[in-house]
Amino acid sequence: AVGTAVKFNVADGSIGMYATFPSTAGSSVSGIDGDASGNMFIAYRECVPCVSGCTPGTDRYGRPDGTFAPICTGYLSKVADNGSGSAPLWRLTIPSEVSLGYIRQSHDGGVLAWASVTGANVALGGQSISSADGGSAASAVMLKFDSEGALSWFSLPAGSASVSGGKFDL
């Protein structure tokens, strides 16, 4: 599968812009939002086949399926409104311990991301985030990035080990 982000013109239903993320073992888009200038913020993962020290792949029920799980890398990027296939204005690599979900452009030009984190002292954007129970349990976390992709702050909600991903509004 190839992750694709699309911006529609709501007046006529045409596609105003799209971005694809081709990768040798698939890609996926988990969140997208736009700014007033027509740029898109996109949270996505790109995967490549595993060639060494591989984890066996599983089906949706957790049973081995005879494959090896791919190596995936998460990103948050800002893509300019200049048609398809454009290079990102910036792209931030997200550590494997963090899983981005729903994102929204903030009023100051940055982007907020609802995510989950698992681990102690997970390094992201020069800051260190630890999940619940000393890093052994997953926690929900709100991440705030500025307009250039730098992590401004993060917030772990109270009882975050029992909170899963969701939607939010500004």
- Taking atom OH of Y102 as the centre, report whether more than 12 heavy atoms of other residues, nucleotides or ligands fall under 6.0 Å from it. yes
- Item | By side-chain hydrogen bond (donor to acceptor under 3.5 Å, both in side chains) - contacts of R45 (at least two apart) | none
- Message: For the CG atom of L156 and the OG atom of S130, what is their distance to the nearest 0.5 Å?
- Response: 8.5 Å
- Task: Side-chain contact test, heavy atoms from C-beta onward, threshold under 4.5 Å: evaluate it for P49 versus T24 and give yes or no.
- Result: yes
- Task: Mark yes or no for whether D33, through its side chain, and F41, through its backbone, hold a donor-acceptor pair below 3.5 Å.
- Result: no
- Task: List the steps, then state whether salt bridge (charged side-chain N to carboxylate O under 4.0 Å, His left out) holds for D108 with K144.
- Result: CA-CA 11 Å; D108 63 2; K144 168 64 169 70; 3.1 Å; yes
- Below 4.5 Å, heavy atoms only, C-beta onward: do L76 and F145 meet side chain to side chain? yes
- Item | N9 side-chain N/O to G13 backbone N/O, donor-acceptor pair under 3.5 Å | no
- Task: Report yes if the side chains of V29 and F21 come closer than 4.5 Å at any heavy-atom pair, otherwise no.
- Result: yes
- Note on the structure: To the nearest 0.5 Å, atom NZ of K7 lies from atom OG of S14 at 10.5 Å
- Determine whether D65 and T58 make a side-chain contact, defined as any pair of heavy atoms from C-beta on separated by less than 4.5 Å. no
For a quick test of your reading: what N or O donor-acceptor pairs under 3.5 Å do the side chains of residues 87-101 make, sequence neighbours left out?
{"from": "W90", "atom 1": "NE1", "to": "S147", "atom 2": "O", "distance (Å)": "2.8"}
{"from": "R91", "atom 1": "NH1", "to": "Y44", "atom 2": "OH", "distance (Å)": "3.4"}

- Write down the atom of P157, the atom of W114, and the distance for their closest heavy-atom approach. CG-CH2, 3.9 Å
- Task: Evaluate the side-chain proximity of I103 to L143: yes if any heavy-atom separation is below 4.5 Å, no if none is.
- Result: no
- Item | Note, T73 side chain near E46 side chain (heavy atom, < 4.5 Å) | no
- Check: G119 main-chain N/O paired with S131 side-chain donor or acceptor under 3.5 Å: yes
- Over all heavy atoms of both residues, which pair between S23 and S27 is shortest? Give the atoms and the distance, please. CB-CB, 4.4 Å
- Message: Does M142 form a side-chain contact (heavy atoms from CB on, under 4.5 Å) with L112? I'd like the steps, not just the answer.
- Response: CA-CA 7 Å; M142 179 64 71; L112 290 153; 4.0 Å; yes
- Task: Answer yes or no: is there a side-chain heavy-atom contact under 4.5 Å between P70 and F68?
- Result: no
- Message: I'd like to check M40 versus M17 (side-chain heavy atoms, cut-off strictly below 4.5 Å). Are they in contact?
- Response: yes
- Query: In chain order, what residues pass the side chain to side chain contact (heavy atoms under 4.5 Å, CB included) check against S37, with sequence neighbours excluded?
  - Reply: D35, N39
